2 protein chains.
Amino acid sequence: MDRALDPALFKSLCDPTRLTLLCCLLKCARPASVGEIAACCAVDLSVVSRHLHALRAAGMLRVQRDGRTVRYEAPAAALAERFRDIAAAIDACCGPADAACNPSDAGCGPSKNCCSPGDTHA
Amino acid sequence: MDRALDPALFKSLCDPTRLTLLCCLLKCARPASVGEIAACCAVDLSVVSRHLHALRAAGMLRVQRDGRTVRYEAPAAALAERFRDIAAAIDACCGPADAACNPSDAGCGPSKNCCSPGDTHA
DNA sequence: TGCATGGTTGCGTCATGATGCAAGTATATG
DNA sequence: CATATACTTGCATCATGACGCAACCATGCA
């Protein structure tokens, strides 16, 4: 679960502008150039460029160059699956009747306190 | 989809410490006091208190008072569903064959460009 | 080769937020 | 009522990051 709940993933989505860009690309459902995408929100093109770069770094977008044009695309199916993985991870660790709880996950389960003092989870 | 992809949700999860706290509570699968939860990570108790407050404000936690003790709990099933809703929203807008695309969602669908200039999506 | 187009990168500014300490509040307990 | 416990809040500090502007590549075209 600690793997599914990746801070980097949420970090890439916590900015409203970035989320707007991703949303725009999801709706477009096709590769779009940076200039096109920039029309979605009222910020400088350079800002859009950086945001798209960040989203790609987080695995939220695919990129392809075509001459001097750079096209970004949102892999909708993969993204949806990613969120479903998170949901599954939550269910697996804390699911009904503790059945799906993975024993290798130390301290996991309703009957145990995973937060013993000193366990910094770091 | 713009509703499912809520910046506030991701904002509440983008901080590593906050994510650790949520993760801890999910594993515990029971209400835990602030002091207990604080043992999960090496930050000041006041910081933990604030983070828990923020998570609750984002709807990620439930809270209950018992005398001077405050117990937080992670509603695992609800959280999992929330992520599945996001996945479903992505699929619905950009699903296979454009079938699930909601026509009321202006500009939605592969055949149209939702990012026409001036459309700030704001 | 010269110039326009499409993006990216450097840099300074500004706002937000994470953190710790200290003080404050509220509830038990003697 | 005094004191300890469990948290919360005010405040100062510091780091991160979003933004715009300007300068800079890199590609295409005349």
Side-chain angles (χ1 to χ4, degrees), chain A residues 6-25 28 30-58 60-73 113 115 117 120-122, chain B residues 6-25 28 30-58 60-73 113 115 117 120-122:
Chain A
D6 181 15
L9 190 159
F10 298 113
K11 217 164 191 174
S12 74
L13 299 177
C14 72
D15 180 70
T17 302
R18 217 148 43 218
L19 208 52
T20 298
L21 295 174
L22 177 63
C23 212
C24 172
L25 274 168
C28 287
R30 59 171 178 80
S33 71
V34 177
E36 265 182 307
I37 302 167
C40 282
C41 51
V43 295
D44 196 83
L45 184 68
S46 68
V47 173
V48 173
S49 173
R50 267 189 270 253
H51 278 316
L52 293 173
H53 194 83
L55 284 168
R56 177 178 134 54
M60 311 299 290
L61 296 179
R62 276 198 305 255
V63 68
Q64 70 195 63
R65 298 193 81 105
D66 175 24
R68 59 189 166 182
T69 302
V70 176
R71 284 183 223 284
Y72 284 93
E73 185 178 18
N113 178 5
C115 310
T120 59
H121 286 215
Chain B
D6 181 14
L9 190 158
F10 299 113
K11 218 165 190 172
S12 74
L13 299 177
C14 72
D15 180 69
T17 302
R18 218 151 40 220
L19 207 51
T20 297
L21 295 173
L22 176 63
C23 211
C24 172
L25 275 168
C28 288
R30 60 171 179 80
S33 71
V34 177
E36 267 182 306
I37 302 168
C40 282
C41 50
V43 295
D44 195 82
L45 184 68
S46 68
V47 173
V48 173
S49 173
R50 267 188 270 254
H51 278 316
L52 292 173
H53 193 83
L55 284 168
R56 179 179 132 53
M60 311 299 290
L61 296 179
R62 276 197 305 253
V63 68
Q64 71 195 61
R65 297 193 83 103
D66 175 23
R68 59 187 166 185
T69 302
V70 176
R71 284 182 224 284
Y72 284 93
E73 184 178 18
N113 179 5
C115 309
T120 59
H121 285 216

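No experiment lies behind these values; they were computed from the predicted model shown. So you know, we letter chains A, B, ... as the sequences are listed, proteins then strands, and number each from 1.
- For Arg71(A) against Asp66(A), the heavy-atom pair with the smallest separation is NH2-OD2, 3.4 Å.
- Within the 4.0 angstrom heavy-atom criterion, only backbone atoms of the sugar-phosphate kind lie near Arg18(A); the bases stay farther away.
- Taking only side-chain nitrogens and oxygens, Ser49(B) comes nearer than 4.0 Å to OP1 or OP2 of dT8(D).
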Could you write out each protein N or O paired with an N or O of nucleotides 22-30 of chain D at a distance under 3.5 Å?
residue, atom, partner, partner atom, Å
dT27(D), O2, Arg68(A), NH1, 3.3

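- In the set dT8(D), dG7(C), dG20(D), the nucleotide with an atom closest to the side chain of Val70(A) is dG7(C).
- Between the CG atom of Leu45(A) and the P atom of dG6(C) there is a distance of 10 Å, given to the nearest Å.
- Closest heavy-atom contact between Leu22(B) and Leu61(B): CD1-CD2, 3.8 Å.
- Between dT16(D) and Lys11(A), no contact under 4.0 Å exists linking OP1 or OP2 to a side-chain N or O.
- If you measure from atom CZ of Arg56(B) to atom P of dT8(D), you get 11 Å, rounded to the nearest angstrom.
- Closest of all the heavy-atom pairs between Ala8(B) and Ala58(B) is O-CB, 4.4 Å.
- If you take CG of Leu21(B) and P of dA18(C), they are 12 Å apart, rounded to a whole angstrom.
- Of the candidate nucleotides dG17(D), dT19(C), dG7(C), dT19(C) has the atom nearest to the side chain of His51(B).
- The nearest pair of heavy atoms linking Ser33(A) to Thr69(A) is CB-CG2, 3.7 Å.
- Looking at residues two or more places apart in sequence or on another chain, you find a side chain to side chain contact (heavy atoms under 4.5 Å, CB included) between Ala54(B) and Arg18(B).
- The CD-P distance, from Gln64(A) to dG6(C), rounds to 17 Å in whole Å.
- Remark: C1' of dG17(D) and CG of Leu55(A) are 14 Å apart, rounded to the nearest angstrom.
- Between Arg56(A) and Glu73(A), none of the side-chain N atoms (NZ, or NE/NH1/NH2) sits under 4.0 Å from a carboxylate O, so this pair counts as no salt bridge.
- Nucleotide dA6(D) holds its P atom 16 Å from the CG atom of Leu52(B), rounded to whole Å.
- In terms of modelled atom types and a separation under 3.5 Å, the side chain of Ser49(B) and the main chain of Leu45(B) share no donor-acceptor contact.
- Atom C1' of nucleotide dG17(C) and atom CG of Asp15(A) are separated by 14 Å, given to the nearest angstrom.
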